[in-house]
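The block underneath contains the structure these notes are about, expressed in structure tokens.
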Amino acid sequence: MKAVVLAAGKGTRLKPLTDDKPKGLVEVDGEPILTHCFEKLAHLGADEFIVVVGHNKEQIISYYGDEVQGVPIKYAHQREQKGLAHALLTVEEHIDDDFVLMLGDNIFEANLGDVMRRQQEQRADAAFLVEEVPYEEASRYGVCNTNDYGEITEVIEKPDEPPTNLVMTGFYTFSPEIFHACHLVQPSDRGEYEITDAINLLLQSGRTIDALRIDGWRVDVGYPEDRDEAERRLQEEAALAD
């Protein structure tokens, strides 16, 4: 399965760590965030990485070249940062089957393989790794409503008053149908083409999306203190493994 990694953002909230480098090259426990992403995806059996680059893209391309962890890399260029649905459309020409989507600013130690296996079972058109967070943090993310079967019924992008505290984590599997939905998305109030709007279009067309609860942890590295938290957790994992 191909793995798409989104790494085009400027990382303005991570300053000063991003003063001289793109967000994906900020180090966590001695390795860039993107390296942690690639290691996980390679371990899961990804056979190609397609990395969406934008801000300071030359640094990422120079650092990784055309292969990492024995897996070939292609690069897609998002020339303007107009949202995740916009970013996803830059890879459409490279995808012809089910694929993994990972946000390149997340550190995971979790059941990512369960999400990929659910997609391969073909009982759903997409599958997302989700987690419960404190209600006061839910407005940072895409919030999910689900039914009694664990299927997603609606997603809401960064709501001021979240209806639930179940959020998307930045790890998804999709069929190519997501690209058609992304083409139909209109700019949000933020002026961005939101992946949540594309997901809702899939749901409205009768597609099934399964929500798999996280078993483990992840850190969304949005602020310098998040980097410190991710580093602490990785060091704890390494200590337990010794």
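For clarity, every value in this text was computed on a predicted model and none was experimentally measured. Positions are given from 1 along the sequence.
- Taking the six-membered ring for Trp and the full ring otherwise, the centers of Y64 and Y75 sit at least 6.0 Å from each other.
- In plain terms, the two heavy atoms of E194 and S188 that are nearest each other are OE2-OG, 2.8 Å.
- The NZ atom of K40 sits 8.5 Å away from atom CE of M102, with the distance rounded to the nearest 0.5 Å.
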| Please walk me through it: do I209 and I199 pass side-chain contact (heavy atoms from CB on, under 4.5 Å)? | CA-CA 9 Å; I209 301 176; I199 292 165; 3.7 Å; yes
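- Taking 4.0 Å as the cut-off between side-chain N and carboxylate O, R232 and E236 count as a salt-bridged pair.
- Test R233, E225, R227 against E229 for side-chain contact (heavy atoms from CB on, under 4.5 Å) and you get one pass: R233.
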| message | Quick one, V100 with V4, criterion side-chain contact (heavy atoms from CB on, under 4.5 Å). Give me CA distance, side-chain angles, the key distance, then yes/no. | response | CA-CA 6 Å; V100 176; V4 175; over 6 Å; no
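- Taking CD from E31 and SG from C37, the interatomic distance works out to 12.0 Å, rounded to the nearest 0.5 Å.
- Between F99 and Y172, the ring centre distance reaches or exceeds 6.0 Å.
- Here the straight-line distance linking atom CD1 of I73 with atom CD of E67 works out to 8.0 Å at 0.5 Å rounding.
- For F171 and F128, the distance between ring centers is not under 6.0 angstrom.
- Here the NZ-OG1 distance, from K15 to T18, works out to 5.0 Å after rounding to the nearest 0.5 Å.
- In this structure, the side chains of N56 and K21 stay at 4.5 Å or more apart for every pair of heavy atoms.
- The line from CD1 of I61 to CG of D66 is 11.5 Å long, rounded to the nearest 0.5 Å.
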| field | Stepwise side-chain contact (heavy atoms from CB on, under 4.5 Å) test for R218 and E109 | value | CA-CA 6 Å; R218 67 106 187 198; E109 192 63 48; over 6 Å; no
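- Contact check on R140 versus E137 returns no salt bridge, with no Lys/Arg side-chain nitrogen under 4.0 Å from an Asp/Glu carboxylate oxygen.
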| query | Can you list the steps and then say if H183 with E92 is a side chain to side chain donor-acceptor pair (under 3.5 Å)? | reply | CA-CA 10 Å; H183 278 294; E92 183 177 13; 2.8 Å; yes
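- Put simply, the residue from L84, V52, L6, T173 that forms a side-chain contact (heavy atoms from CB on, under 4.5 Å) with L101 is L6.
- For T169 against N106, the heavy-atom pair with the smallest separation is O-OD1, 2.7 Å.
- Interatomic distance, CG of L112 versus CG of L41, reported as 7.5 Å (0.5 Å rounding).
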